[in-house]
2 protein chains.
Amino acid sequence: MSEDGGAADPALLQDALRGFVRAFGLHQPESTPCGQAIPVSEAHALGELAQEGELRQVELARRLRLQKSTVSRLVGQLTARGWVERAPAPDDGRGVVLRLTSSGQKAAHNLADARREKFSRLLDAIPPHEREGVLHALGVLTEALDE
Amino acid sequence: MSEDGGAADPALLQDALRGFVRAFGLHQPESTPCGQAIPVSEAHALGELAQEGELRQVELARRLRLQKSTVSRLVGQLTARGWVERAPAPDDGRGVVLRLTSSGQKAAHNLADARREKFSRLLDAIPPHEREGVLHALGVLTEALDE
DNA sequence: CGACATGGTTCGACGGTACAACCAGATGGT
DNA sequence: ACCATCTGGTTGTACCGTCGAACCATGTCG
């Protein structure tokens with residue numbers, strides 16, 4: 001168990017990640033994480049749509065790393081709420097283009113506010129001199145996971 | 001670098017975390033993450049039990065940050081697999097003490113191996129000079145979440 | 001034009017969690 | 001001793017969230 005930087009124990013990484021996952025509550029369905037009455041998966045979709053303006057359904061699936069069947073249902077829920085409109089893709093007869101309704105934009109805005117509030121509090125809880133390191137580390141970790 | 005001491009954008013943290021969560025696949029039920037045919041919530045419980053030897057059910061709930069009803073069901077699944085035994089608590093007529101069966105210990109061992117293998121690969125994908133920083137950052141983040 | 005690939009939908013299944021109602025054993029005050 | 005209350009567990013119900021497979025419609029390529 002030498003702790004030279006290059007041969008760190010996988011168990012340490014495991015423990016660190018496990019602790020983080022539990023503390024973040026990621027293993028529970030995380031109902032409405034931000035005070036808004038909106039399931040978390042819908043929030044993810046809403047965020048992507050708000051950011052992109054228009055999105056092909058298949059592209060949304062790619063970004064959320066979900067199956068097309070899952071996304072189909074998800075979009076169904078969002079349209080049921082009146083937040084998203086499905087339109088036929090102009091360049092592909094099979095495709096569906098998603099767009100936020102004005103009501104959906106409003107919801108996305110509220111959500112963004114609540115989320116910013118939440119993360120702002122989290123950020124405050126991190127010692128200032130650690131913040132940059134945490135951001136950097138998350139990037140590194142995500143990159144490593146993508147291999 | 002400098003400049004962000006206290007005024008770092010929460011949006012950066014949010015993006016970083018969102019990317020990490022999706023890349024890690026934490027928003028999907030994560031069936032048998034390690035090749036073992038075992039649901040992830042059972043794996044968590046198994047890990048705790050393997051580490052502690054004996055555990056009161058209520059204590060397991062506390063560690064996993066789950067409701068007692070959820071844990072009751074979870075333990076039921078594990079006993080159905082023959083991995084866990086429920087025994088009445090000696091000092092409290094209501095309580096239940098959980099212990100791994102020998103079969104359960106074997107399963108926990110296999111699981112630990114697979115998990116170590118997985119995290120070892122992840123660790124390999126992190127540039128050596130970043131590893132220490134990543135571990136540290138996860139700790140900081142978990143601590144911040146606990147407030 | 002036929003074989004195959006791709007985008008979507010629907011169906012059925014399962015994992016995972018919470019809350020509420022309920023029971024039984026523990027606790028503490030009067 | 002007694003009753004109110006607390007606590008650990010179990011069970012029922014409901015919901016979120018995901019997947020795979022079957023299916024249809026459209027595109028694409030030889």
Side-chain angles (χ1 to χ4, degrees), chain A residues 21-22 24-34 36-48 54-81 84-99, chain B residues 18 21-34 36-47 54-81 84-98:
Chain A
V21 165
R22 288 189 193 162
F24 201 43
L26 284 171
H27 64 322
Q28 30 217 353
E30 189 157 9
S31 53
T32 172
C34 312
Q36 288 300 303
I38 168 179
V40 66
S41 71
E42 296 186 21
H44 279 251
L46 215 55
E48 288 297 322
E54 246 185 31
L55 221 49
R56 281 288 298 273
Q57 189 163 311
V58 65
E59 171 63 14
L60 181 60
R62 199 190 60 75
R63 297 198 181 199
L64 301 181
R65 306 193 192 216
L66 295 174
Q67 292 301 115
K68 57 183 181 175
S69 63
T70 303
V71 172
S72 178
R73 224 179 288 279
L74 186 52
V75 171
Q77 290 164 3
L78 290 170
T79 59
R81 288 184 193 268
V84 168
E85 276 176 350
R86 292 189 224 232
D91 58 332
D92 189 329
R94 305 165 290 179
V96 165
V97 172
L98 306 173
R99 200 176 323 138
Chain B
R18 194 194 48 188
V21 166
R22 289 189 194 162
F24 201 42
L26 284 172
H27 63 325
Q28 29 216 359
E30 190 157 6
S31 54
T32 171
C34 313
Q36 289 299 303
I38 168 179
V40 66
S41 73
E42 296 186 20
H44 279 252
L46 215 56
E54 247 185 30
L55 222 48
R56 281 290 296 274
Q57 189 163 309
V58 65
E59 172 62 14
L60 181 61
R62 199 189 59 77
R63 298 198 181 198
L64 301 181
R65 306 191 192 219
L66 295 174
Q67 293 299 114
K68 56 182 182 175
S69 62
T70 303
V71 171
S72 177
R73 237 176 279 279
L74 185 52
V75 170
Q77 290 163 4
L78 289 170
T79 60
R81 288 184 194 268
V84 169
E85 277 177 350
R86 292 190 223 229
D91 57 333
D92 189 329
R94 307 163 291 179
V96 165
V97 172
L98 306 173

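Please read these numbers as outputs of a predicted model, since none were measured by experiment. Chain letters run A, B, ... following the sequence lines, proteins first and then strands; every chain starts at 1.
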Between atom [atom1] in [X] and atom [atom2] in [N], what is the gap in whole Å?
{"X": "B:Leu60", "N": "D:dG9", "atom1": "CG", "atom2": "P", "answer": "10 Å"}
{"X": "A:Arg62", "N": "C:dG8", "atom1": "CZ", "atom2": "P", "answer": "13 Å"}
{"X": "A:Ile38", "N": "D:dC15", "atom1": "CD1", "atom2": "P", "answer": "18 Å"}
{"X": "A:Leu66", "N": "C:dG7", "atom1": "CG", "atom2": "C1'", "answer": "16 Å"}
{"X": "B:Asp91", "N": "C:dA26", "atom1": "CG", "atom2": "P", "answer": "9 Å"}
{"X": "B:Leu78", "N": "C:dG15", "atom1": "CG", "atom2": "P", "answer": "12 Å"}
{"X": "B:His44", "N": "C:dG16", "atom1": "NE2", "atom2": "C1'", "answer": "12 Å"}
{"X": "A:Asp92", "N": "D:dC24", "atom1": "CG", "atom2": "P", "answer": "20 Å"}

Candidate nucleotides [options], ranked by approach to the side chain of [X] - the nearest:
{"X": "B:Val96", "options": "D:dG9, C:dT17, C:dG16", "value": "D:dG9"}
{"X": "A:Gln67", "options": "D:dC19, C:dT9, D:dC6", "value": "D:dC19"}
{"X": "A:Arg86", "options": "D:dT10, C:dT9, C:dT6", "value": "C:dT9"}
{"X": "A:Arg56", "options": "C:dT17, C:dT10, C:dG7", "value": "C:dG7"}

Worksheet item: Could you walk me through whether B:Leu64 and B:Leu74 pass the side chain to side chain contact (heavy atoms under 4.5 Å, CB included) check?
Response: CA-CA 11 Å; B:Leu64 301 181; B:Leu74 185 52; 4.2 Å; yes
Item to complete: Write down the atom of B:Pro39, the atom of B:Arg81, and the distance for their closest heavy-atom approach.
Response: CD-NH2, 3.1 Å
Worksheet item: Which sits closer to the 5' end of DNA chain D, B:Val75 or A:Thr70, going by the nucleotide each is nearest to?
Response: B:Val75
Fill in: Short side-chain N/O contact to D:dT10 OP1/OP2 from B:Gln57, under 4.0 Å
yes
Worksheet item: Should B:Ser72 be listed as having a side-chain N or O under 4.0 Å from OP1 or OP2 of D:dT10?
Response: yes
Practice prompt. Report yes if a donor N or O on one partner sits less than 3.5 Å from an acceptor N or O on the other, where the partners are the side chain of B:Ser69 and the base of D:dG12; otherwise report no.
Written response: no
Worksheet item: Quick one: does A:Arg73 reach the base of C:dG12 with a side-chain donor-acceptor pair under 3.5 Å?
Response: yes
Discussion item. Categorize B:Ser41 for me: base, sugar-phosphate, or nothing, with a 4.0 angstrom heavy-atom threshold over every strand shown.
Written reply: sugar-phosphate
Item to complete: Look up atom CG in B:Leu55 and atom CZ in B:Arg62, then write down how far apart they are to the nearest 0.5 Å.
Response: 9.0 Å
Response to the item:
Rounding to 0.5 Å, atoms OG1 (A:Thr79) and CZ (A:Arg86) come to a distance of 5.0 Å
Discussion item. A side-chain contact here means heavy atoms from C-beta on lying under 4.5 Å apart; do B:Leu98 and B:Glu54 qualify?
Written reply: no
